[in-house]
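Step one of this worksheet: look at the structure below.
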4 protein chains.
Amino acid sequence: MVMRTIIRSTGRKATFTEAARRAQIVECAIEAVCEFGYAGASLSRVAKLAGISKGVITYHFASKAEILEEAVAVVYERGAEFALRTRSEAFDDDADPRDALRAYLETNLAYIAAHPREINAVVEITRGHRDADGRPVFGSAWEEREVIEPLEELFREGQERGRFRDFSPRVMAVAVRRVIDGFTFQMLAHPDTDVAGFTAEVVALFEHATRAGSESP
Amino acid sequence: MVMRTIIRSTGRKATFTEAARRAQIVECAIEAVCEFGYAGASLSRVAKLAGISKGVITYHFASKAEILEEAVAVVYERGAEFALRTRSEAFDDDADPRDALRAYLETNLAYIAAHPREINAVVEITRGHRDADGRPVFGSAWEEREVIEPLEELFREGQERGRFRDFSPRVMAVAVRRVIDGFTFQMLAHPDTDVAGFTAEVVALFEHATRAGSESP
Amino acid sequence: MVMRTIIRSTGRKATFTEAARRAQIVECAIEAVCEFGYAGASLSRVAKLAGISKGVITYHFASKAEILEEAVAVVYERGAEFALRTRSEAFDDDADPRDALRAYLETNLAYIAAHPREINAVVEITRGHRDADGRPVFGSAWEEREVIEPLEELFREGQERGRFRDFSPRVMAVAVRRVIDGFTFQMLAHPDTDVAGFTAEVVALFEHATRAGSESP
Amino acid sequence: MVMRTIIRSTGRKATFTEAARRAQIVECAIEAVCEFGYAGASLSRVAKLAGISKGVITYHFASKAEILEEAVAVVYERGAEFALRTRSEAFDDDADPRDALRAYLETNLAYIAAHPREINAVVEITRGHRDADGRPVFGSAWEEREVIEPLEELFREGQERGRFRDFSPRVMAVAVRRVIDGFTFQMLAHPDTDVAGFTAEVVALFEHATRAGSESP
DNA sequence: CATGAATGAGACTTCATTCAT
DNA sequence: AATGAATGAAGTCTCATTCAT
């Protein structure tokens with residue numbers, strides 16, 4: 001008997017083995033991108049990492065682009081799920097914005113520390129992946145909307161409530177994001193990084209950078 | 001009369017026209033990387049941008065790698081030169097470390113604002129460029145040594161002199177660097193960014209983040 | 001009870017469902033050839049048209065060639081059967097050759113008008129289908145023997161009986177055949193063609209072209 | 001010195017050797033299509049026939065489609081040129097339409113007799129060549145306009161002048177065309193065909209088929 | 001100095017076919 | 001009887017590089 005579980009948007013029915021193969025291929029694609037960079041992540045290398053023939057890949061995916069785009073989606077889903085699982089209470093609308101910022105930094109850095117290679121691969125893909133005309137598939141508008149704007153909103157609200165000093169929410173949001181993204185390289189270059197210590201430093205950095213003037217440390 | 005100078009380790013002599021051609025090709029390679037990404041920057045596209053045939057390129061450069069590596073070197077040289085030209089006094093050993101930090105941020109952001117495409121290309125190249133085995137040519141060790149360590153040293157000295165609060169010089173250095181690098185994308189995505197305003201915000205951010213507790217802004 | 005019949009030289013037994021599947025696959029292959037051309041008629045497309053998996057096809061047929069060859073055979077059988085059913089009397093040995101020619105044209109054009117897509121597919125297959133070395137499977141000798149020679153014989157006999165003028169039976173046979181074959185494209189390009197009118201014109205054409213000089217229309 | 005002669009529509013300058021290579025490749029593509037059919041005419045086979053590497057082909061042509069389309073254009077140009085060279089006077093507006101028909105048949109059959117393989121290849125290409133979506137590139141509209149309509153016009157005019165009997169100009173035009181096209185297969189299957197005899201027969205066929213009732217042979 | 005031409009490796013993809021279930 | 005899975009050959013095309021002129 002063959003169990004059918006997932007109906008994918010392509011209309012293809014997916015069995016367990018199909019889902020497993022797809023997952024395996026996506027995982028190996030992530031690994032290949034991390035190991036050889038976006039430009040060096042050929043299907044041959046993905047196949048070799050997976051220990052399968054190249055044909056298997058094109059049997060399960062319509063195109064290389066489909067693999068890469070699924071990889072990005074998968075990693076983002078995992079990240080969102082991780083954030084909810086570990087610190088969802090800090091993202092309630094009525095939570096203290098400073099607690100929210102701290103939680104945001106901590107969950108993001110923790111997730112990166114746990115999965116640096118995935119994150120690195122996603123960064124590579126979102127930077128490198130282009131459509132047939134050479135235009136980026138994951139444009140900056142995408143990051144603005146999904147990543148920057150929510151942070152901006154957090155800062156704006158905190159300022160209205162008097163919890164943050166007066167600064168440009170946008171610039172601060174961009175800065176926070178860049179520091180978080182940069183942690184990926186730190187973890188890749190130094191896998192033995194003291195994550196707790198690094199996180200505490202980053203949290204302190206942004207607490208000093210944002211706190212309202214009258215407040216005590 | 002034709003001036004001749006040894007310009008490369010290969011020992012090839014270079015005339016003015018040779019140097020000009022090399023410079024032109026490097027410039028077009030930078031443009032190609034910026035436009036199409038590292039993976040999409042083929043020699044064909046570089047040649048088309050330069051309005052020359054592909055053969056010209058391989059006549060002047062031994063390999064594609066040589067072009068890319070020269071591009072990185074050229075842009076870094078320009079950046080260093082720019083920093084010296086505009087604010088060299090701030091980097092004297094006896095300058096106030098807080099002034100030095102401000103100057104560092106301002107010169108870096110100003111340079112990026114003036115040449116965002118070059119910088120972006122260099123980032124793409126340093127991330128994407130690999131040797132035949134897929135190993136990065138511009139490893140993280142290189143950035144550590146050239147970029148992070150000098151910043152670290154600045155912070156350490158400032159702390160010793162009591163000008164900065166007690167934080168991890170390394171984490172702060174990394175954070176500064178990431179925020180600066182991230183400005184490239186800001187400029188590319190929004191070329192009409194208010195550079196002065198953005199810079200002031202970033203300077204304020206790090207002044208708040210680093211200043212010794214008792215100090216007034 | 002399951003009826004079993006030997007239907008193929010391979011010796012495989014075939015049940016009704018087997019025969020039905022084979023027929024369905026052959027029909028979809030014809031459709032695929034008509035829609036995408038010989039070169040574009042892959043087993044994937046046949047399977048998709050049939051709403052079955054590719055495996056089903058290779059379960060019922062030893063090779064793609066077997067499908068195509070069966071398609072040709074099936075369509076020819078149908079055509080012959082159609083001719084016999086509609087106008088068998090005209091092909092008796094003692095029928096007037098001019099009536100036979102008229103009947104031949106009418107039955108052929110009527111059959112094409114009724115099944116233009118099948119015929120088109122068969123033409124595509126007989127033209128395009130090759131063995132591994134690239135040699136045509138349905139060579140011209142096959143058409144000569146099956147199609148041209150009977151027509152030639154009709155003309156020769158008509159001339160002997162004084163019913164046709166003196167012309168080359170072979171050239172006339174080839175001409176008749178080409179005009180009939182060409183009607184396929186007419187029907188595909190203009191499905192609303194006035195078949196009766198077109199047929200009358202063609203019949204008139206060849207009556208004028210063949211009739212003995214002294215004869216009145 | 002390198003002579004530049006032809007500026008092609010792609011904007012590429014063409015040298016003599018470039019033009020020669022392109023011509024050679026087109027010729028070998030025609031040969032490959034004729035030998036292996038449209039579906040079997042791979043670039044590998046074209047390259048093998050030309051005695052060059054596959055890369056040479058893709059250096060001179062942007063795509064396989066470009067080769068095939070150039071092949072069709074080249075052969076049609078040659079045919080038109082041949083017709084003008086041999087019998088241009090018969091196509092004057094005031095020439096006798098019956099002479100024009102005779103000339104049309106004779107020039108077409110003569111050209112086919114001289115170049116049967118080219119013509120066959122063009123027929124294969126126009127039938128088989130599809131765009132990315134599977135739609136024919138050389139649709140029936142193209143043939144209608146370029147080939148059928150001029151013939152129709154010839155017949156219509158001849159009827160107005162009382163030189164032809166009353167028949168459907170369109171059906172007659174289609175018939176003439178099919179007989180001419182069919183001659184290609186005759187020549188390929190029987191290269192030793194008596195061309196003059198075959199032509200005379202075809203001319204007689206259509207003279208009988210078209211001539212006004214009162215006229216003597 | 002410059003370039004057009006050629007090459008072969010390797011990219012992605014399609015396909016007919018085989019096989020285990 | 002059916003099918004999903006896998007495979008490897010072959011297809012078209014891109015690319016960095018080499019070479020003769």
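Residue numbers start from 1 in every chain, and the chains themselves are labelled A, B, ... in the order their sequence lines are given, proteins ahead of strands. This structure is a prediction, so every number in the text was calculated from the model and none was measured.
Per the geometry, CD belonging to A/Glu66 stands 15 Å off C1' belonging to E/dT14, to the nearest Å. Between the CD1 atom of A/Ile67 and the C1' atom of E/dC12 there is a distance of 10 Å, given to the nearest Å. In this entry the distance linking CZ of B/Phe61 with C1' of E/dA2 reads 15 Å, nearest Å. To the nearest angstrom, P of F/dT12 lies 10 Å from CZ of D/Arg45. Here F/dA6 presents its C1' atom at 16 Å from CZ of A/Arg22, a figure rounded to the nearest Å. When rounded to the nearest whole Å, the span between CD of D/Gln24 and P of E/dA6 equals 9 Å. Look at CD1 on A/Ile57: it is 15 Å from P on F/dA5, rounded to the nearest Å. Distance, B/Lys48 NZ to F/dC15 C1': 14 Å, rounded to whole Å.
Nearest to the side-chain atoms of D/Lys64 among the listed nucleotides E/dA16, F/dC13, F/dT17 stands F/dC13. Comparing atom distances between the A/Thr17 side chain and each of E/dA2, E/dT7, F/dG4 picks out F/dG4 as nearest. Comparing F/dT3, E/dA2, E/dA6 by their nearest atom to the side chain of D/Val56 picks out E/dA6. The nucleotide whose nearest atom lies closest to any side-chain atom of D/His60 is, among F/dA16, E/dA5, F/dA6, E/dA5. For D/Thr58, taking side-chain heavy atoms from C-beta onward, the closest of the listed nucleotides F/dC13, E/dT18, E/dC12 is F/dC13. Listed nucleotides F/dT12, F/dT3, E/dT13 differ in distance to D/Ser42; the shortest reach to its side chain belongs to F/dT12. Picking from E/dT18, F/dA5, F/dA16 the nucleotide with the shortest atom distance to the side chain of A/Tyr59 gives F/dA5. Considering only side-chain atoms of A/Leu43, the nucleotide from E/dT7, F/dC13, E/dC12 that sits closest is E/dC12.
The side chain of B/Ser44 places no N or O atom within less than 4.0 Å of a non-bridging phosphate oxygen (OP1 or OP2) of F/dA16. Phosphate contact (OP1/OP2 of E/dA6, side-chain N/O of D/Arg21, threshold under 4.0 Å): present.
One distance of note links CG of A/Asp133 with CZ of B/Phe36; it measures 10.5 Å at 0.5 Å rounding. For the atom pair CD of D/Glu31 and CG of D/Asn120, the computed distance is 10.0 Å after rounding to the nearest 0.5 Å.
The pair D/Arg117-D/Glu35 meets the salt-bridge criterion, with a side-chain N (NZ, NE, NH1 or NH2) lying under 4.0 Å from an Asp/Glu carboxylate O.
Nucleotide F/dA1 has no partner under the Watson-Crick or G-U criteria, as no pair reaches both atom distances under 3.5 Å. Nucleotide F/dA9 forms a pair with E/dT14, judged by Watson-Crick or G-U wobble geometry with both contacts under 3.5 Å. The base-pairing partner of F/dT14, taking Watson-Crick or G-U wobble contacts with both distances under 3.5 Å, is E/dA9.
Heavy-atom nearest nucleotides on DNA chain F were determined for D/Ser63 and for A/Lys54, and the one closer to the 5' end corresponds to A/Lys54. Judged by closest nucleotide on DNA chain E, A/Ala65 is the one of A/Ala65 and C/Ala65 placed further toward the 5' end.
Side chains of A/Glu124 and A/His129: a donor-acceptor N/O pair is absent below 3.5 angstrom, by distance only.
Contact annotation: the side chain of B/Ile25 approaches that of B/Ile52 to within less than 4.5 Å [non-hydrogen atoms, C-beta and beyond].
Among A/His60, A/Glu27, A/Glu66, the one residue that satisfies the side-chain hydrogen bond (donor to acceptor under 3.5 Å, both in side chains) test with A/Arg22 is A/Glu66.
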